[in-house]
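Here is the naming used below: chain letters follow the sequence lines, and residue numbers restart at 1 for every chain. Excluded from the calculations below are hydrogen atoms, water molecules and symmetry mates; all remaining heavy atoms, backbone and side chain alike, are included. Small disclaimer: the values here were computed from a predicted structure and weren't measured.
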Amino acid sequence: MIQRPRGTRDFGPADMARRRAAENAMREVCHAHGFGEVVTPTFELSELFTMRSGQAIVDEMYVFNDKGDREMALRPEITASVIRFYVNDLSTLPKPLKLYYVGSCYRYENPQSGRYREFYQIGAELIGNDNPETDAEVISLAVKCLRATGLQDFEVRIGHIGALKSLVQAEIGDRTLASEVLRLIDKAEFEALGRLFESRGLSGDLMGRVRAVAGTKGGAEALDDIEDPEVKAHLKELFETLSLYGVDDCQLDLGIVRGLDYYTGMVFEIDAPRLGAEKQVLGGGSYTLSELFGGEPVFSTGFAIGIDRVVLALEAEDFRPEYRQCDAFVVPTEDNMRKYAFAIASKLRAAGIHTDVDLMRRSMSKNLKYAASVGTRYAVIVGRDEMASRSVTLRDMDTGEQTLVKADFVVEELEKLMAGR
RNA sequence: GCCGGGGUGGGGUAAUGGUAUCCUUGGGGACUGUGGAUCCCUUGACCCGGGUUCGAUUCCCGGUCCCGGCCCCA
């Protein structure tokens with residue numbers, strides 16, 4: 001037996017029905033917001049990702065040399081590919097350019113709850129601006145995607161890198177040191193931060209100001225505590241616009257740095273508290289990447305949702321839609337009725353009704369048992385009597401109620417019955 | 001990379017230093033127009049490798065995978 005690779009999963013029909021339901025709900029919301037789908041390669045030149053995130057991430061990527069000795073990597077995320085695509089081919093499209101994507105990503109990490117080596121993301125990028133209404137559009141899209149899946153229990157935290165970045169970079173000339181400080185702030189490791197400040201002879205006064213800014217969090221009322229006037233005005237307008245979109249209950253959290261150098265303004269994260277250690281289901285913010293890949297500088301705002309974690313969170317909320325393989329199962333009562341059964345099945349299928357028919361040459365009772373065990377809603381029984389009157393018997397598998405209907409109207413009758421339930 | 005807990009048919013389980021229990025599921029049959037029942041038959045398992053032993057599924061070591069946590073999280 002061949003084992004499945006570590007950190008990967010197989011999904012059966014019932015799992016996929018649930019996953020696709022969540023995915024399709026989110027796709028619909030993206031389209032409703034005017035975002036168009038893009039697909040980019042599953043693997044890229046590994047340079048694309050190291051340019052963005054540094055050489056260190058090679059350890060956490062699936063990297064390999066292809067037969068032409070090019071260094072490739074399975075994508076660990078999709079934003080870089082989308083921006084590469086934009087810079088290469090889409091940069092002359094009218095702005096704002098609104099793109100979304102769905103796909104698998106790969107990271108060589110140790111699997112645990114909600115963390116896999118192959119996982120699935122849906123994300124969106126709005127290319128062209130970083131003003132408050134753009135941020136609101138993107139956050140609102142993110143929240144509505146999650147709501148559309150049926151998820152109820154999640155927390156939106158919104159921050160702005162500008163506040164900390166400008167403070168730290170203005171006070172610390174050394175860029176490396178500054179980004180180290182930002183990293184520790186992101187981790188909320190204030191003891192380590194204190195030690196760093198001490199060893200590098202930085203003033204305790206700055207430390208206090210950093211802590212004050214990073215500790216600025218709370219509901220919309222906390223917006224008044226923001227010192228940086230530009231950040232305050234930006235976030236105030238953002239929160240107001242979000243409210244117009246019906247997105248309230250967002251938390252302000254200026255401690256979010258998202259561990260990255262390339263975010264430039266608003267950053268946001270969404271957690272599903274019912275999940276375990278890996279409870280973040282979404283991360284995003286505004287950034288500039290295009291010039292890194294050789295394009296004109298342009299602001300983008302985007303996010304990525306971890307589909308796997310959304311599905312886990314839905315399960316934690318006991319949201320498990322019923323899965324039905326088929327709506328109708330055509331049952332011949334005896335062997336010489338099988339051809340009639342195929343004709344009826346064909347008619348139902350042509351009408352788009354999810355239909356199964358006996359292929360095992362089983363007896364009527366075994367067929368009914370099979371139809372019940374796979375959760376079919378209606379058995380369509382065809383036999384000598386039905387054929388004689390050009391009819392079929394529809395049996396509701398839950399109630400046992402049966403009706404004889406003309407074969408010519410079987411589609412309409414079934415649709416009527418299904419709509420009535 | 002590190003730590004803890006696990007690994008018996010497809011799923012769920014029991015026992016055991018002498019190759020394995022029960023339930024469920026799958027396949028078939030009886031039955032023959034509602035038995036979606038009932039009865040019968042049947043397929044199918046000790047994660048992998050090494051060690052100890054006359055003999056290992058059981059004990060020991062290593063690996064692997066799963067579950068959870070740390071680190072990390074673009």
Side-chain angles (χ1 to χ4, degrees), chain A residues 1-10 12 14 44 46 48-61 73-83 105-117 119 121 123 183 186-187 189 256-263 267 269 271 275-285 287 289 292 302-304 306 309 312 329 331-337 360-388 392-404:
Chain A
M1 166 174 135
I2 312 290
Q3 278 187 339
R4 175 163 30 84
R6 180 169 168 77
T8 63
R9 291 151 300 155
D10 297 310
E44 296 267 8
S46 70
L48 176 69
F49 305 112
T50 53
M51 277 175 84
R52 172 186 172 173
S53 307
Q55 200 62 34
I57 60 154
V58 169
D59 296 338
E60 284 156 28
M61 288 198 299
L74 296 184
R75 61 184 178 198
E77 45 108 10
I78 300 181
T79 298
S81 296
V82 172
I83 299 303
C105 300
Y106 304 83
R107 296 183 190 179
Y108 197 89
E109 293 185 293
N110 227 338
Q112 66 188 68
S113 180
R115 174 180 287 190
Y116 308 97
R117 288 183 172 180
F119 57 99
Q121 288 193 335
R183 195 187 70 83
D186 183 36
K187 301 288 164 250
E189 288 181 14
I256 304 173
V257 178
R258 293 202 46 71
L260 265 189
D261 298 327
Y262 73 83
Y263 281 107
V267 285
E269 297 180 343
D271 295 336
L275 297 180
E278 302 290 324
K279 65 184 196 319
Q280 188 181 328
V281 297
L282 176 149
Y287 59 90
L289 264 183
L292 190 61
F303 65 81
R309 291 184 184 176
L312 286 172
F329 188 92
V331 180
T333 60
E334 54 192 281
D335 278 338
N336 57 9
M337 290 295 122
M360 299 288 280
R361 301 189 178 177
R362 277 194 273 239
S363 65
M364 177 176 180
S365 61
K366 291 274 171 149
N367 272 324
L368 287 172
K369 181 178 180 176
Y370 172 80
S373 70
V374 298
T376 309
R377 296 169 82 172
Y378 293 95
V380 181
I381 299 167
V382 300
R384 208 179 286 275
D385 299 343
E386 285 84 355
M387 196 165 163
V392 301
T393 297
L394 297 183
R395 177 181 176 85
D396 184 316
M397 295 300 278
D398 293 332
T399 66
E401 200 175 313
Q402 299 195 170
T403 47
L404 187 71

Between [M] and [N], how far apart are the [atom1] atoms? Round to whole Å, please.
{"N": "C2(B)", "M": "G63(B)", "atom1": "P", "answer": "9 Å"}
{"N": "G44(B)", "M": "G27(B)", "atom1": "P", "answer": "16 Å"}
{"N": "C65(B)", "M": "G49(B)", "atom1": "P", "answer": "16 Å"}
{"N": "C47(B)", "M": "U42(B)", "atom1": "P", "answer": "26 Å"}
{"N": "C31(B)", "M": "U24(B)", "atom1": "C1'", "answer": "23 Å"}
{"N": "C46(B)", "M": "U52(B)", "atom1": "P", "answer": "24 Å"}
{"N": "C66(B)", "M": "C60(B)", "atom1": "P", "answer": "24 Å"}
{"N": "U13(B)", "M": "G4(B)", "atom1": "P", "answer": "24 Å"}

As a test of reading the structure: which of [options] is closest to the side chain of [X], going by heavy atoms?
{"X": "Glu386(A)", "options": "C73(B), G68(B), G33(B)", "value": "G33(B)"}
{"X": "Ser365(A)", "options": "G36(B), C72(B), G33(B)", "value": "G36(B)"}
{"X": "Ala277(A)", "options": "C65(B), C70(B), A74(B)", "value": "C70(B)"}
{"X": "Ala372(A)", "options": "G36(B), C72(B), A74(B)", "value": "G36(B)"}
{"X": "Met360(A)", "options": "G33(B), G28(B), C73(B)", "value": "G28(B)"}
{"X": "Glu278(A)", "options": "A74(B), A37(B), C72(B)", "value": "C72(B)"}
{"X": "Asn110(A)", "options": "G69(B), U34(B), C65(B)", "value": "G69(B)"}
{"X": "Ile381(A)", "options": "C31(B), U34(B), C72(B)", "value": "U34(B)"}

Check your understanding: Quick one: are Ile83(A) and Leu292(A) in side-chain contact, heavy atoms under 4.5 Å?
Key -> no
Once you round it to whole Å, what is the distance between [atom2] of [N] and [atom1] of [X]?
{"X": "Lys366(A)", "N": "A37(B)", "atom1": "NZ", "atom2": "P", "answer": "9 Å"}
{"X": "Asp59(A)", "N": "C73(B)", "atom1": "CG", "atom2": "P", "answer": "12 Å"}
{"X": "Arg117(A)", "N": "C65(B)", "atom1": "CZ", "atom2": "C1'", "answer": "11 Å"}
{"X": "Met337(A)", "N": "U32(B)", "atom1": "CE", "atom2": "C1'", "answer": "15 Å"}
{"X": "Lys369(A)", "N": "G29(B)", "atom1": "NZ", "atom2": "P", "answer": "13 Å"}
{"X": "Ile2(A)", "N": "U64(B)", "atom1": "CD1", "atom2": "C1'", "answer": "14 Å"}
{"X": "Met397(A)", "N": "G36(B)", "atom1": "CE", "atom2": "C1'", "answer": "6 Å"}
{"X": "Arg4(A)", "N": "G10(B)", "atom1": "CZ", "atom2": "P", "answer": "14 Å"}

Exercise for review: Find which nucleotide of RNA chain B each of Met364(A) and Glu109(A) is nearest to by heavy atoms, and output the residue with the more 5' nucleotide.
Suggested key: Met364(A)
**Study point:** Residue closer to the 5' end of RNA chain B, Tyr106(A) versus Ser373(A) (nearest nucleotide)
**Key:** Ser373(A)
Practice item. Mind checking Gly306(A) for me? I need base, sugar-phosphate or nothing, with any heavy atom below 4.0 Å counting as a touch. Key: nothing
Exercise for review: With heavy atoms under 4.0 Å as the rule, sort Gly283(A) into base, sugar-phosphate or nothing.
Suggested key: nothing
Donor-acceptor under 3.5 Å ([X] side chain, [Y] main chain):
{"X": "Arg107(A)", "Y": "Pro76(A)", "answer": "yes"}
{"X": "Arg395(A)", "Y": "Glu401(A)", "answer": "no"}
{"X": "Arg309(A)", "Y": "Gln280(A)", "answer": "yes"}

Does [X] place a side-chain N or O at less than 4.0 Å from the phosphate oxygens OP1/OP2 of [N]?
{"X": "Ser113(A)", "N": "G68(B)", "result": "yes"}
{"X": "Arg107(A)", "N": "A74(B)", "result": "no"}
{"X": "Arg362(A)", "N": "G27(B)", "result": "yes"}

Does a distance-only test, which skips hydrogens and angles, find a donor-acceptor pair under 3.5 Å between the side chain of [X] and the base of [N]?
{"X": "Arg6(A)", "N": "C66(B)", "result": "no"}
{"X": "Gln402(A)", "N": "U34(B)", "result": "yes"}
{"X": "Arg115(A)", "N": "C72(B)", "result": "yes"}

According to the Watson-Crick and G-U wobble definitions, with both distances under 3.5 Å, which nucleotide is paired to [N]?
{"N": "A20(B)", "answer": "none"}
{"N": "G33(B)", "answer": "none"}
{"N": "G1(B)", "answer": "C70(B)"}

Exercise for review: To the nearest 0.5 angstrom, please state how far the CG atom of Leu48(A) sits from the OG atom of Ser81(A).
Suggested key: 5.5 Å
Study note, to complete from the structure: Value for CG (Leu368(A)) from CZ (Arg362(A)), rounded to nearest 0.5 Å, stands at 11.5 Å
**Study point:** Flag for Glu386(A)-Thr393(A): side-chain donor and acceptor within less than 3.5 Å
**Key:** yes
Practice item. Go through the steps for Asp396(A) and Tyr378(A) under the test side-chain contact (heavy atoms from CB on, under 4.5 Å), then give the verdict. Key: CA-CA 5 Å; Asp396(A) 184 316; Tyr378(A) 293 95; 4.0 Å; yes
